[in-house]
Amino acid sequence: MVLWWSVFIKKEELTVNMTIYFFGVTSIPYKVRSGELDLYLSKPVSPLFRLTFENISPGSVPLILMSVCIIVYGIASLHMTLTPVIAAAYIFWLVLMEILYYEMEVLIRSVSLYVVSMARMEQIEEAGLDLCMKLPGIALYGVYKVIFYLILPYGIMATLPVQSMIGELNLQRALYGIGVAVLFTVFTCIIWKNGLKHYNSASS
């Protein structure tokens, strides 16, 4: 059951990603190399805020609706009892893991403020996402669990919302998930802000 739900939760997170912030965040390396980041730094609004929301894609909204329909169909097919508490817990974890997903994308692309080429980092991201799209977090053990539960926490992004829905999320896992999200929030802010200090305009 966890495997089935994980696949669709991951797809839902991806569609939210594509709709809200994907195109803005993935443009960061290009704007760094081309010097366009200068325009964002000269404005009073946070450059990361503008980069995040400047390319919202309304065309991806139907994909979110389709994902929701699939999940609702799955709940009905499995005759699950969806109480307000379960629904609220699921939404909480879905939002928290979406924020973690966003932070991972920003963190990886913040590396472009320090190095010339982002190719290797993007390859690592693609490989990690590809693996975790196929396997739920509970299927990972040993070094893979360390990597995908902590270093690149893609393994918990769909697993924790699923476990909250089916009643398998205990307090220890819940606190771990919240802790990882908080840790990556702090880490992303530090890397981004320090990266801006290292940034040298391509036009200078």
Side-chain angles (χ1 to χ4, degrees), residues 1-26 28 48 52 57 60-61 63-68 70-72 74-75 86-111 121-189 191-192:
M1 182 183 292
V2 175
L3 174 59
W4 188 88
W5 279 109
S6 292
V7 171
F8 288 106
I9 299 303
K10 287 170 185 172
K11 290 185 182 298
E12 184 175 17
E13 291 174 347
L14 284 171
T15 55
V16 172
N17 171 349
M18 294 288 289
T19 303
I20 300 175
Y21 57 81
F22 176 80
F23 296 104
V25 171
T26 54
I28 291 174
L48 182 57
T52 298
S57 175
S60 299
V61 172
L63 297 176
I64 296 178
L65 298 177
M66 289 178 63
S67 297
V68 172
I70 291 172
I71 291 173
V72 170
I75 292 172
I86 293 175
Y90 169 73
I91 292 172
F92 168 79
W93 284 107
L94 189 64
V95 170
L96 186 63
M97 293 299 102
E98 191 65 49
I99 292 172
L100 179 58
Y101 193 0
Y102 164 75
E103 290 167 347
M104 285 297 301
E105 292 203 334
V106 172
L107 184 60
I108 288 172
R109 282 154 187 85
S110 295
V111 175
M121 290 298 298
E122 290 175 347
Q123 287 173 359
I124 292 172
E125 179 188 37
E126 289 175 6
L129 280 171
D130 183 61
L131 176 62
C132 292
M133 278 291 291
K134 297 174 181 176
L135 293 173
I138 58 172
L140 301 172
Y141 292 94
V143 67
Y144 291 103
K145 192 165 187 176
V146 174
I147 294 173
F148 294 114
Y149 266 57
L150 181 60
I151 301 173
L152 298 171
Y154 299 120
I156 69 172
M157 290 179 185
T159 303
L160 296 186
V162 171
Q163 290 180 324
S164 72
M165 180 179 288
I166 63 178
E168 294 184 1
L169 183 63
N170 58 34
L171 180 60
Q172 182 179 2
R173 291 174 183 169
L175 292 176
Y176 179 81
I178 294 172
V180 169
V182 171
L183 177 65
F184 272 84
T185 299
V186 174
F187 196 35
T188 302
C189 289
I191 295 298
W192 173 257

query: When you look at F148 and T159, which way does the side chain to side chain contact (heavy atoms under 4.5 Å, CB included) test go after all the steps?
result: CA-CA 11 Å; F148 294 114; T159 303; over 6 Å; no

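- Interatomic distance, S110 OG to L48 CG, rounded to the nearest 0.5 Å: 7.0 Å.
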message: Under the criterion side chain to side chain contact (heavy atoms under 4.5 Å, CB included), I'd like the reasoning laid out for I178 against W93: C-alpha separation, chi angles, the key distance, then a yes or no.
response: CA-CA 9 Å; I178 294 172; W93 284 107; 3.7 Å; yes

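- Counting heavy atoms of neighbouring residues, nucleotides and ligands inside a 6.0 Å radius, atom OH of Y144 does not exceed 12 of them.
- Nearest heavy atoms, S164 versus P161: OG-O, 2.6 Å.
- Separation of atoms CD (E103) and CG (L183) is listed at 9.5 Å; rounding is to 0.5 Å.
- With values rounded to the nearest 0.5 angstrom, F184 atom CZ is found 14.0 Å from Y101 atom OH.
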message: Under the criterion side chain to side chain contact (heavy atoms under 4.5 Å, CB included), I'd like the reasoning laid out for Q163 against L160: C-alpha separation, chi angles, the key distance, then a yes or no.
response: CA-CA 5 Å; Q163 290 180 324; L160 296 186; 3.6 Å; yes

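- Atom CE of M104 and atom CD1 of I99 lie 15.0 Å apart (nearest 0.5 Å).
- Smallest separation of non-hydrogen atoms from A181 and L100: CA-CD1, 4.2 Å.
- Shortest non-hydrogen contact noted between L96 and G177 is CD2-O, 4.4 Å.
- Atom OH in Y149 sits 8.0 Å away from atom CD1 in I156 (nearest 0.5 Å).
- Rounding to the nearest 0.5 Å places CG of L150 at 4.5 Å from OH of Y176.
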- request: Take T26 and E105 through the test side-chain hydrogen bond (donor to acceptor under 3.5 Å, both in side chains) and record every step on the way to the result.
  value: CA-CA 8 Å; T26 54; E105 292 203 334; over 6 Å; no

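- Using a 4.5 Å heavy-atom cutoff, the side chains of Y102 and I20 are not in contact.
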